[in-house]
Number of protein chains: 2
Amino acid sequence: MTSRGPGKRVRKAPAERRHEIVAAAAQVGLVEGLECITLRRVADELGVRPGLVGHYFPAADTLVAEAFTAATMADLDTLLPERPDGSGDHSRDDSGDGSARAVLRRFFTLMSSTEFDNVSRLWLNARHLSRYRPGLREHVIAQELLWCTRMERAITAGTEAGEFVCADPRATAVRVLVAIDGASAYINTSAEQRGAPITHLARTVAEAELGLGAGALEPAGESS
Amino acid sequence: MTSRGPGKRVRKAPAERRHEIVAAAAQVGLVEGLECITLRRVADELGVRPGLVGHYFPAADTLVAEAFTAATMADLDTLLPERPDGSGDHSRDDSGDGSARAVLRRFFTLMSSTEFDNVSRLWLNARHLSRYRPGLREHVIAQELLWCTRMERAITAGTEAGEFVCADPRATAVRVLVAIDGASAYINTSAEQRGAPITHLARTVAEAELGLGAGALEPAGESS
DNA sequence: TTGCTTATTGGTCGCATACTCAATAACATT
DNA sequence: AATGTTATTGAGTATGCGACCAATAAGCAA
């Protein structure tokens with residue numbers, strides 16, 4: 001990426017450099033795994049000496065934790081955008097098809113595409129690594145809460161709009177996410193044969209808990 | 001555990017020593033994590049020099065893989081015994097209840113008890129570590145298949161006995177296990193607050209898929 | 001008892017990690 | 001243009017890992 005001759009220095013504002021380091025670490029963690037976020041690895045990525053990374057993050061654990069948060073925050077915004085993208089007048093739009101259902105359908109479709117396998121790997125990675133790194137654990141817990149809240153809000157929106165029937169959106173959100181985590185647990189082992197019942201379990205759970213017909217959240221988009 | 005003065009040698013038959021090493025490694029992996037299965041750590045456990053462990057396992061990956069299999073095999077036999085343990089009077093205990101349901105109830109009860117948290121941790125650990133260690137990955141896949149088959153057999157038994165109603169025992173087994181893996185994903189992070197809906201998701205899924213009433217597989221034993 | 005096989009030891013080597021710290025040079029301010 | 005701040009380097013320490021190998025001694029067989 002960035003290659004400079006030895007000895008050449010590029011001096012940046014601390015805030016910018018720090019952000020740059022976290023971003024590089026997040027990329028490494030997402031693609032290669034969180035245990036590959038090492039001072040040297042991140043430094044190489046930026047064309048910088050390892051000592052510099054160590055200067056900004058005296059404890060490596062902190063860097064791993066922040067990198068995880070940065071990565072998952074970006075992923076969440078892609079999978080479950082806070083506001084349906086480019087919708088100034090959504091209250092009028094969803095009168096026909098219902099945007100809440102579209103949001104969930106989009107979520108399940110993206111999540112089961114191979115493009116987001118790295119996200120599944122990252123979560124699996126982080127949940128295990130949290131066993132040893134308390135700094136990371138805190139960030140993982142915070143992200144779990146954030147994802148759950150975001151999902152709950154999507155469900156609540158659909159319920160209030162009359163699209164879903166759900167007595168306890170919070171509990172449903174939890175269960176749907178648990179089902180997703182169960183499916184993504186197999187990402188490194190039986191990923192190929194997970195095809196049939198595994199991938200669709202989360203979607204099935206969601207449809208059942210939201211009072212929707214089977215297949216209502218399927219990618220195809222054809223509703224009943 | 002085993003402490004000998006330095007220099008004192010205890011010479012054992014290769015097969016016995018090897019088995020001993022795997023057992024010690026399995027214990028370390030179960031309690032402290034698979035990445036703690038190191039030549040030195042296992043050697044310490046046995047009161048033996050590290051070189052010896054390296055002699056029996058020229059590639060450390062092999063030891064980790066075998067240790068995982070040893071640990072999960074033992075756990076599976078405890079959770080889902082091939083034949084109901086001490087089956088002298090269980091048919092009387094569950095009087096009229098049917099033993100297949102008792103087997104599953106026992107499984108869910110044990111699995112959600114804190115005593116088996118280490119088992120959940122081990123699976124989470126192994127599934128992530130499989131990303132980097134191909135030897136381990138093969139063993140994990142084999143164990144996934146074994147657990148699934150064992151669960152499928154329990155379901156099939158109940159179906160044939162008329163206790164359950166299930167069209168596709170295999171698919172149901174898969175889904176139940178996925179739900180369990182989803183719940184155990186939180187073992188290192190939100191373990192304390194997983195109380196409410198997380199733990200019981202797997203049981204709920206099982207009850208629904210087997211045509212049982214809600215709570216039919218609950219620990220208490222009181223159905224309907 | 002003597003001898004032989006080999007399980008076991010003790011040490012070394014190379015590599016990778018996090019972390020520390022004095023010296024240096026880039027940039028902003030004067 | 002001179003100066004001061006500080007971001008950045010380079011080198012060093014300490015720890016841990018797997019892997020390798022000659023020397024040793026334990027236990028069996030003759």
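These values consider heavy atoms only, across backbone and side chains, with no hydrogens, waters or symmetry-generated copies. Proteins come first, then strands; the chains are lettered A, B, ... in the order of their sequence lines, and each starts at number 1.
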- prompt: With a 4.5 Å limit on heavy-atom distance, are the side chains of A/Thr78 and A/Phe116 in contact?
  reply: yes
Expected rows: protein N/O vs nucleotides 16-18 of chain C N/O, under 3.5 Å:
{"residue": "C/dA18", "atom": "OP2", "partner": "A/Thr38", "partner atom": "OG1", "Å": "2.6"}
{"residue": "C/dA18", "atom": "OP2", "partner": "A/Leu39", "partner atom": "N", "Å": "3.2"}

message: I need the CD-P distance between B/Glu20 and C/dA7, as an integer number of Å.
response: 14 Å
message: Can you measure A/Ile21 atom CD1 to D/dA7 atom P for me and round it to whole angstrom units?
response: 12 Å
field: Residue B/Arg153 excluded, over 12 heavy atoms near CZ under 6.0 Å
entry: no
Spacing between A/Leu52 atom CG and D/dT6 atom P, to the nearest angstrom: 16 Å
- request: Give the nucleotide from the list D/dA7, C/dT6, C/dT8 with an atom nearest to the side chain of A/Arg11.
  value: D/dA7
query: At under 4.0 Å between heavy atoms, what does A/Pro14 touch on the DNA or RNA strands: base, sugar-phosphate, or nothing?
result: sugar-phosphate
field: For A/Ile155 against A/Phe164, the heavy-atom pair lying closest together
entry: O-CD1, 3.6 Å
statement: Per nearest nucleotide of DNA chain C, the residue lying toward the 5' end, A/Gly54 or B/Tyr56, is B/Tyr56
- line: Winner on side-chain proximity to A/Lys8, out of C/dA26, D/dA7, D/dG27, is C/dA26
query: Are the side chains of A/Leu79 and A/Arg150 in touch, meaning some heavy atoms are under 4.5 Å apart?
result: no
message: Need the bend value for the helix from C/dT1-D/dA30 to C/dT30-D/dA1: angle between end axes, 5 pairs each end, nearest 10°.
response: 0°
- request: Please state how far atom CZ in A/Arg17 lies from atom C1' in C/dA26, giving the value in whole angstrom units.
  value: 12 Å
Distance-only donor-acceptor check, side chains A/Tyr186 and B/Asp181, under 3.5 Å: yes
Which nucleotide in C/dT9, D/dG10, C/dA26 has an atom nearest any side-chain atom of A/Arg49: D/dG10
- request: Have a look at A/Gly51 and say if it touches a base, only the backbone sugar-phosphate, or nothing, with a 4.0 Å heavy-atom cut-off.
  value: base
- prompt: Just checking, any donor-acceptor pair under 3.5 angstrom between side chains of B/Glu35 and A/His128?
  reply: yes
- prompt: Does a donor on one side chain and an acceptor on the other come within less than 3.5 Å for B/Arg121 and B/Asn188?
  reply: yes
query: Is B/Arg9 side chain donor-acceptor paired with the D/dT24 base, going by distance under 3.5 Å alone?
result: yes
- request: Kindly give the heavy-atom pair with the smallest separation between B/Gly158 and B/Ala100, and that separation in Å.
  value: CA-CB, 3.4 Å
- prompt: Can you tell me how far C1' of C/dA7 sits from CZ of B/Phe57, to the nearest Å?
  reply: 15 Å
query: Closest approach of B/Arg203 and B/Leu217, non-hydrogen atoms and distance?
result: CD-O, 3.3 Å
statement: Whole-Å distance, A/Glu16 CD to C/dC27 C1', equals 14 Å
